[in-house]
Amino acid sequence: MRLSHSLIPTLKETPAEAQIASHRLMLRAGLVRQTSAGIYAWLPIGHRVLRNIERIVREEQDAAGAQECLMPTIQPAELWRESGRYDDYGKEMLRIRDRHDRELLYGPTNEEMITDLLRGSVRSYRELPQILYHIQWKFRDEVRPRFGVMRGREFLMKDAYSFDLDYAGAVVSYRRMMLAYMRTFQRLGLKAIPMAADSGPIGGDMSHEFIILAPTGESQVYFDAAFEEIDYLAQGAGGFDHANASDLERFFTSMTTHYAATDEKHDPAAWASVPAARRREGRGIEVGHIFYFGTKYSAAMGFAVAGADGKPVHPEMGSYGIGVSRLVGGVIEASHDDAGIIWPDAIAPFRAAILNLKQGDPVCDSLCEALYARLGPAALYDDRAERAGVKFADADLMGHPWQIVVGPRGAATGRVELKRRASGERVELARDDALTRIG
RNA sequence: CGGAGCGUAGCGCAGUCUGGUAGCGCAUCAGUCUGGGGGACUGGGGGUCGUGGGUUCAAAUCCCGCCGCUCCGACCA
């Protein structure tokens, strides 16, 4: 994209409402704009980041054997009456009436709907197990939205639902999703720690939340550094394969034996047994949550398949959520400095920015155009008639992993300066060497 | 849902107490000089002061209602 004709409204000053780093930076770097309390419009570069996170989430869900589908945002009240949650959910659920006075709601989650879909089509135990997921907007009418997209009312969530014939199968699905989550967070450049959790309004007795450390987190968390040392993406020996039951077993054991707890479940005695050098604690933000809840919905909603003996069986279910839009804020909380955002390569809106320090100078212009032609959509070309300082400041603010600085000094000999945002390291190189370096 | 506060130009704010017809910085537009970390100068444009009503010769300013937003607490992907 050419910055001169893009809707990337960066701000020098911070809007008054933003309290935390990620919110301030998302507004200042032009990623989002608030349209109502807890509801945001995603501007072009914010949207690119959202899509990049979505892509990684999708790849890992697919790799774990989950099937992508897409359910609507608007749901009929009737389904929620079947599960009994229509009344239980309370004011957080946005209730709507259509022109025929039929009761609808903007979905805060999809257990009822997915259960309804499967009960309409799945008849035999032979068709199980199955895991389905979608990435869809949700609405929860929070009393007090805050922290930008970290706690909005409308948010993008990946939610997956597993259906197994029996408990043993449900455990495998649960572990498989848990592994997919750890892989996903690692690819996003985050250290997420799984912590045993209460299952909350969804019900059930096996549940973990995934927490990343950030000073603005909602709760105090404690964990063993062992979690940070595991490479969830490793292949072969020591790695974990979704399809291998003993790998999943070994993976799950390591996830549940090392100490990890939020403050409400914190056990000082157990904590004391963790070697001091391995103790990690701080504020944590929840970026994912997984639940096993057995036959709660399949039983309440009359979903049964024929078992091997011909008798009806209610499938065992689990649900698995990742806050995709919240992760944009979460990544920024975990990766920024005084100058702005520092995007991990995997989700950066642009791999590189091309900074033309002397727009209108034929040599600089043609060198920039050549670079832009080679990099294409991976690059943001700052072709504005702005001074160098403005371009440096905006590039740092937006956090592109690489900056290619083209100024009259080097351009005469075809040389550019390449800056790595994360380290601040700069080197001067020939144009093509810079392109090679960026990869 | 309890408590507190704010709404004046795109953003950040002053002006409100003590009524007299709206101002500052940044941004923006034109021009000149500049040119490697948010530059300087000159000259412009942009606001029914959230909204409805009331008081008054006169309301951003005083009074009442409503709407929106924010912060603290309890609650949440």
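Both backbone and side-chain heavy atoms feed into the values below; hydrogens, waters and symmetry mates do not. Predicted, not measured: the structure shown is a model, and the values here were computed from it. The chains referred to below are lettered A, B, ... by the order of the sequence lines, with proteins before strands, and numbering in each begins at 1.
Taking a cutoff of 4.0 Å between a charged side-chain nitrogen and a carboxylate oxygen, A/R187 and A/E59 qualify as a salt bridge. The pair A/E369-A/R2 meets the salt-bridge criterion, with a side-chain N (NZ, NE, NH1 or NH2) lying under 4.0 Å from an Asp/Glu carboxylate O.
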Task: Base-contact (B) and sugar-phosphate-only (S) positions in nucleotides 31-44 of chain B, heavy-atom cut-off under 4.0 Å, - elsewhere - done: ---B-BBBB-----
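B/G2 is paired with B/C72 under the Watson-Crick or G-U wobble criterion, all donor-acceptor distances under 3.5 Å. Remark: B/U18 base-pairs with no nucleotide; criterion is Watson-Crick or G-U wobble with both hydrogen-bond distances under 3.5 Å. Across the strands present, B/U55 finds no partner; the criterion is a Watson-Crick or G-U wobble pair with both atom distances under 3.5 angstrom. Figure legend. B/C66 is base-paired to B/G50; pairs are counted as Watson-Crick or G-U wobble with both atom distances under 3.5 Å. Searching all strands for a Watson-Crick or G-U wobble partner of B/G10 with both distances below 3.5 Å returns B/C26.
For the C1' atoms, the distance from B/G53 to B/U70 is 27 Å, rounded to whole Å. Here the separation of B/G5 from B/G47, taken at their C1' atoms, is 24 Å to the nearest Å. Between B/U56 and B/U48, the distance separating the two P atoms is 27 Å to the nearest Å. The gap from the P atom of B/G44 to that of B/C24 amounts to 13 Å, rounded to the nearest Å. Between B/A14 and B/G2, the distance separating the two C1' atoms is 33 Å to the nearest Å. Here, B/U18 and B/U61 have their C1' atoms 10 Å apart, quoted to the whole Å. Rounded to a whole angstrom, the distance from the C1' atom of B/C63 to that of B/G25 is 34 Å. Annotation: B/G54 and B/G12 have their C1' atoms spaced 33 Å apart (nearest Å).
Counting non-hydrogen atoms under 4.0 angstrom, A/G152 reaches a base of the nucleic acid. Within 4.0 Å of A/S325, counting heavy atoms only, lies no atom of the nucleic acid at all.
For the atom pair A/Y174 OH and A/F293 CZ, the distance stands at 11.5 Å (nearest 0.5 Å).
A/H289 has its ring centre no less than 6.0 Å from the ring centre of A/Y181. For A/W343 and A/H400, the ring centers are positioned 6.0 Å apart or more.
Between A/R24 atom CZ and B/U70 atom P there is a gap of 16 Å when expressed in whole angstrom units. Straight-line distance from the CG atom of A/L94 to the P atom of B/A77: 18 Å, rounded to whole Å. We find that CD1 of A/I285 is positioned 14 Å from C1' of B/C76, with the value rounded to whole Å. Protein atom CE of A/M150 is 17 Å distant from nucleotide atom C1' of B/C75, rounded to whole Å. One atom, CD of A/E92, and another, P of B/A74, lie 16 Å apart when rounded to the nearest Å. In this structure, A/I8 places its CD1 atom 17 Å from C1' of B/A27, rounding to the nearest Å. Across the protein-nucleic acid pair, A/I20 atom CD1 and B/C72 atom P stand 11 Å apart, rounded to whole Å. Regarding A/Q19, its CD atom lies at a distance of 15 Å from the C1' atom of B/G12, rounded to whole Å.
Taking only distance into account, the side chain of A/R151 meets the base of B/C76 through a donor-acceptor pair shorter than 3.5 Å. Between the side chain of A/R146 and the base of B/C69, no donor-acceptor pair of N or O atoms lies under 3.5 Å.
Judged purely by atom type and a 3.5 angstrom limit, A/S298 uses its side chain to pair as donor or acceptor with the backbone of A/P315. Checking side-chain atoms of A/S254 against main-chain N and O of A/F251 turns up a donor-acceptor pair under 3.5 Å. A donor-acceptor pair is defined here as one N or O able to donate and one able to accept, closer than 3.5 Å; such a pair exists between the side chain of A/Q75 and the backbone of A/T109.
Along RNA chain B, the nucleotide closest to A/E17 and the one closest to A/E154 are compared, and the more 5′ of them pairs with A/E17. The 5' end of RNA chain B is approached more closely, in terms of each residue's nearest nucleotide, by A/F147 than by the other of A/M157 and A/F147.
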TODO: In sequence, state the C-alpha distance, the side-chain angles, and the governing distance for A/Q220 and A/E281, and then conclude on side-chain hydrogen bond (donor to acceptor under 3.5 Å, both in side chains).
DONE: CA-CA 7 Å; A/Q220 187 72 12; A/E281 67 174 291; 3.1 Å; yes
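Distances were taken from every side-chain heavy atom of A/K91 (C-beta onward) to each of B/A77, B/C1, B/C11; the shortest belongs to B/C1. Of the listed nucleotides (B/C71, B/C69, B/A77), B/C69 has the atom at the smallest distance from the side chain of A/Q34.
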